Amino acid sequence: MPKAKISALGCYVPPRLLTNFDLEKMVDTSNEWILERTGIVERHIAAPDVATSDMAVEAARVALAQRGIEASDLDALLVCTVTPDMYFPSTACLVQHRLGAKKIWGFDLIAACSSFLYGMGVGAHLVMAGTHKKVLVIGADTMSRIIDYTDRSTCILFGDGAGAMLIEPSEDDNYGLIDFLYEIDGSGGDALKMPAGGSRMPPSHETVDRKLHYVHQDGQAVFKYAVRKMYEACRELLARNNVTGKDLGCLICHQANRRIIQATADRLGMPPEKVIINIDRYGNTTSATLPLATRDALTQGRLKKGDLVVYAAVGAGFTAGASLWRWAY
Ligand code: COA
C-alpha cells in the first residue's frame, strides 16, 4: 500500500478584521474577558457577497500553484465545511466547476470542527488505496453566516477562512500518514448545534424568530469534553506508535480555545515552541484551523521536512480524533 503525504498547502482569509474591541461595541463583553477565556484577539470576517466556495477556491489556487499543477491534474476534491454555500449542489461541485477541474469526483464532508482532520484521513486513504494520485482536501467555513452577533457566548469565538492540502502518494515510505484515531459520540449532540434548517426543523418564520438557524452551545460541556478528549486521542495514538510528546516536531490542534490546546500540550509534555497556536489572529474558523495553523508552523520554521506532527481536533457531534504524520516537504 503506498503511503500518502501532504505535498502542498494553500490558505485564504478574508481581509476584514473583527477585533475584540469591535465586539465590545456590539455585545456586553470586554477584550480582557475574551483574551483570558479564549486567547482570541481578532478574527477575519467575509464580505457579504463572499461564500464558502469563494474562499475554498482561493485556498485551492494557492495550493495548486505551490505544487505547480493545474486543477485538471486532480483526481478528487473534498470540501470539509459546516457552512456549505447551500445543501446541494455540494460545495465540492461548485469549487470543481470554478477551478475548471475536469473528470474528477468529490463531495462535502461534515464533521463540525473535526471536519478537516477527518478529510485529511479520507483523502490519504483514497491515495493509499492506489486509486487516486492527487486529492485536494479543502477546509472552508463562513462561520459568520451562522452566528448570532447578539449572543456574547458564541459570537466572540468564530471567524471565517479556508485552507487546502494536496495529498499524494509518497515515493519515500518514511513520509506521510503514519496512523490515525477517530471517534464520534452522538450522546453529546445537544451541547453544540445549529438546530433549524434541516429535516428535523425546516426553516420557517418561527425558527428564524427563535434564532434557531444560529449556533447554539453549552460552552462548558463542550470545553470539558474537548479538554479530556483531545488529550486522550493524542495519548492513545502516540502510545500505540511508541512515540512521546518529546519526539514530536509539532502539535497542531484545532483552534477552539487557547486553554484547551494548552491543557492538551501540557499533559503531553510538549514545550510551548512545539505547540502551534494562532487562535489569537483567526478565532475558531472550524474547518480551516488545521491548514491555517500548518501555514504558520511552516512560515515560522517550526515544521520542517522529517518532523513528526500530530493533528488533533474535537468538535460538535461530538467528533474527535488525532492523526500522526511525518512531514514530507
Ligand atoms: N463576555 C463576557 N462575559 C461572558 C461572555 C462574554 N463574551 N460569554 C459568557 N460570559 C459570562 C457568562 O454569562 C457567565 O456569567 P455568569 O457567571 O454571570 O453566569 C460567565 O461569563 C462565565 O461563563 P462560562 O460559560 O462559564 O465561561 P467559560 O469560562 O466556560 O468560557 C467559553 C466560555 C465559551 C469561552 C468556553 O466554555 C469554551 O471555550 N467552550 C468551548 C467552546 C468551543 O470550543 N466551541 C467550539 C467547538 S470546537
Side-chain angles (χ1 to χ4, degrees), residues 18-43 80-83 109-119 139 141-161 182-195 214-234 252-265 277-280 282-293 311-322:
L18 180 68
T19 67
N20 291 351
F21 297 106
D22 296 328
L23 285 162
E24 282 183 351
K25 297 180 200 129
M26 296 161 64
V27 287
D28 181 12
T29 191
S30 67
N31 174 53
E32 292 73 32
W33 193 96
I34 301 171
L35 205 51
E36 189 193 311
R37 303 287 178 121
T38 70
I40 302 170
V41 173
E42 60 192 22
R43 52 306 270 141
C80 310
T81 185
V82 295
T83 51
L109 189 159
I110 298 186
C113 292
S114 304
S115 299
F116 194 83
L117 181 82
Y118 290 5
D141 267 307
T142 322
M143 294 305 292
S144 58
R145 296 291 145 72
I146 57 168
I147 295 299
D148 174 6
Y149 283 96
T150 66
D151 174 7
R152 68 178 181 173
S153 69
T154 52
C155 74
I156 57 151
L157 296 171
F158 296 95
D160 301 335
Y182 299 157
E183 184 182 322
I184 64 172
D185 177 5
S187 70
D190 275 339
L192 180 51
K193 61 184 177 184
M194 191 176 106
Y214 290 131
V215 171
H216 289 249
Q217 83 165 340
D218 175 346
Q220 283 193 9
V222 177
F223 189 91
K224 278 182 198 155
Y225 178 82
V227 158
R228 178 172 65 80
K229 205 68 207 180
M230 193 145 347
Y231 167 65
E232 285 179 2
C234 292
I252 301 184
C253 294
H254 170 57
Q255 311 278 311
N257 187 312
R258 174 185 275 274
R259 291 183 291 146
I260 297 172
I261 304 169
Q262 203 61 63
T264 306
I277 299 182
N278 66 1
I279 192 171
D280 50 329
Y282 300 111
N284 180 351
T285 54
T286 302
S287 306
T289 60
L290 296 184
L292 284 170
Y311 285 96
V314 170
F318 290 122
T319 57

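Along the sequence shown, residues carry numbers from 1. These numbers were taken from a predicted model, which means no experiment stands behind them. Every number for a ligand or one of its atoms is a count from 1 in the order of the listing. Only heavy atoms go into these numbers, but all of them, side chains included; no hydrogens, no water, no symmetry mates.
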Please name the pair of heavy atoms, one in Ala320 and one in Val314, separated by the smallest distance, quoted to 0.1 Å. CB-CG2, 4.0 Å
Atom 8 (N) of ligand 1 [closest protein heavy-atom partner, distance rounded to 0.1 Å]: Trp33 CH2, 3.4 Å
Run the numbers for me: atoms of ligand 1, each under 4.0 Å from some heavy atom of Asn257, listed by number. 35 (C), 38 (C), 39 (O)
Tell me whether Ile34 reaches ligand 1 (any heavy atom closer than 4.0 angstrom to a ligand atom). no
For the NE2 atom of His254 and the OG1 atom of Thr264, what is their distance to the nearest 0.5 Å? 11.5 Å
Do side-chain atoms of Asn31 reach the backbone of Glu24 as a donor and acceptor pair under 3.5 angstrom? no
Polar contacts were defined as any N/O atom of the residue lying under 3.5 Å from an N/O atom of the ligand; does this apply to His254 and ligand 1? no
Minimum heavy-atom distance Cys80-Gly119, with the two atoms named: SG-CA, 3.8 Å
Give the numbers and elements of all ligand 1 atoms closer than 4.0 Å to a heavy atom of Arg259. 29 (O), 31 (O)
To the nearest 0.5 Å, tell me how far Asn278 CG sits from Ile40 CD1. 11.0 Å
Which ligand 1 atoms, with their elements, are less than 4.0 angstrom from a heavy-atom of Leu192? 46 (C), 47 (C)
Would you say atom 17 (O) of ligand 1 has a protein heavy atom nearer than 4.0 Å? no
What residue and atom, counting heavy atoms only, is the protein's closest point to atom 44 (O) of ligand 1, and at what distance? Ala256 CB, 3.3 Å
Using heavy-atom distances only, which candidate in Arg37, Arg258, Gln217 approaches atom 34 (C) of ligand 1 most closely? Gln217
How long is the straight-line distance from NE2 of His216 back to CG of Leu192, given to the nearest 0.5 Å? 10.5 Å
Would you say Asp160 and Thr142 are linked by a side-chain donor-acceptor pair, where the criterion is simply a distance under 3.5 Å? no
Side chain, backbone, both or neither: the part of Thr38 lying under 4.0 Å from ligand 1 by heavy atom: side chain
Could you measure the distance from the OH atom of Tyr118 to the OG1 atom of Thr319? Nearest 0.5 Å is fine. 4.5 Å
Whether the side chain of Tyr214 engages the backbone of Arg145 through a donor-acceptor N/O pair (distance < 3.5 Å, no angle test) should be reported. no
Looking only at heavy atoms, what is the nearest atom pair of Ala263 and Val227, with distance? CB-CG1, 4.4 Å
Ligand 1 to Asn284, heavy atom cutoff 4.0 Å, flagged ligand atoms 46 (C)
If the contact criterion is a heavy-atom separation under 4.0 Å, does Ala226 count as touching ligand 1? no
So, regarding Val222 and ligand 1 (criterion: nitrogen or oxygen to nitrogen or oxygen, under 3.5 Å), is there a contact or not? no
Going by distance alone, is a donor N or O of one side chain under 3.5 Å from an acceptor N or O of the other, for Asp141 and Thr83? yes
Testing Asn284, Asp280, Ile156 one by one against Thr38 for a side-chain contact (heavy atoms from CB on, under 4.5 Å), which residue passes? Ile156
Specify whether the nearest protein heavy atom to atom 32 (C) of ligand 1 is under 4.0 angstrom away. no
Which ligand 1 atoms does Cys113 reach within 4.0 Å, using its non-hydrogen atoms? 48 (S)
Part of Thr154 with heavy atoms under 4.0 Å of ligand 1, whether side chain, backbone, both or neither: neither
Show which atoms of ligand 1 fall inside a sub-4.0 Å distance from at least one heavy-atom site of Ile156. 7 (N)
Under-4.0 Å heavy-atom contact between protein and atom 14 (C) of ligand 1: no
Ligand 1 atoms nearer than 4.0 angstrom to some heavy atom of Val314 are 48 (S)
Output the list of atoms in ligand 1 that are nearer than 4.0 Å to some heavy atom of Gln220, sorted by atom number. 24 (P), 26 (O), 30 (O), 37 (O)
For atom 11 (C) of ligand 1, grab the closest protein heavy atom and report residue, atom and distance to one decimal in Å. Arg152 NH2, 3.6 Å
Protein residue, atom and distance nearest to atom 40 (N) of ligand 1, heavy-atom basis: Gly219 O, 3.0 Å
Look up atom CZ in Phe116 and atom CG in Leu109, then write down how far apart they are to the nearest 0.5 Å. 10.5 Å
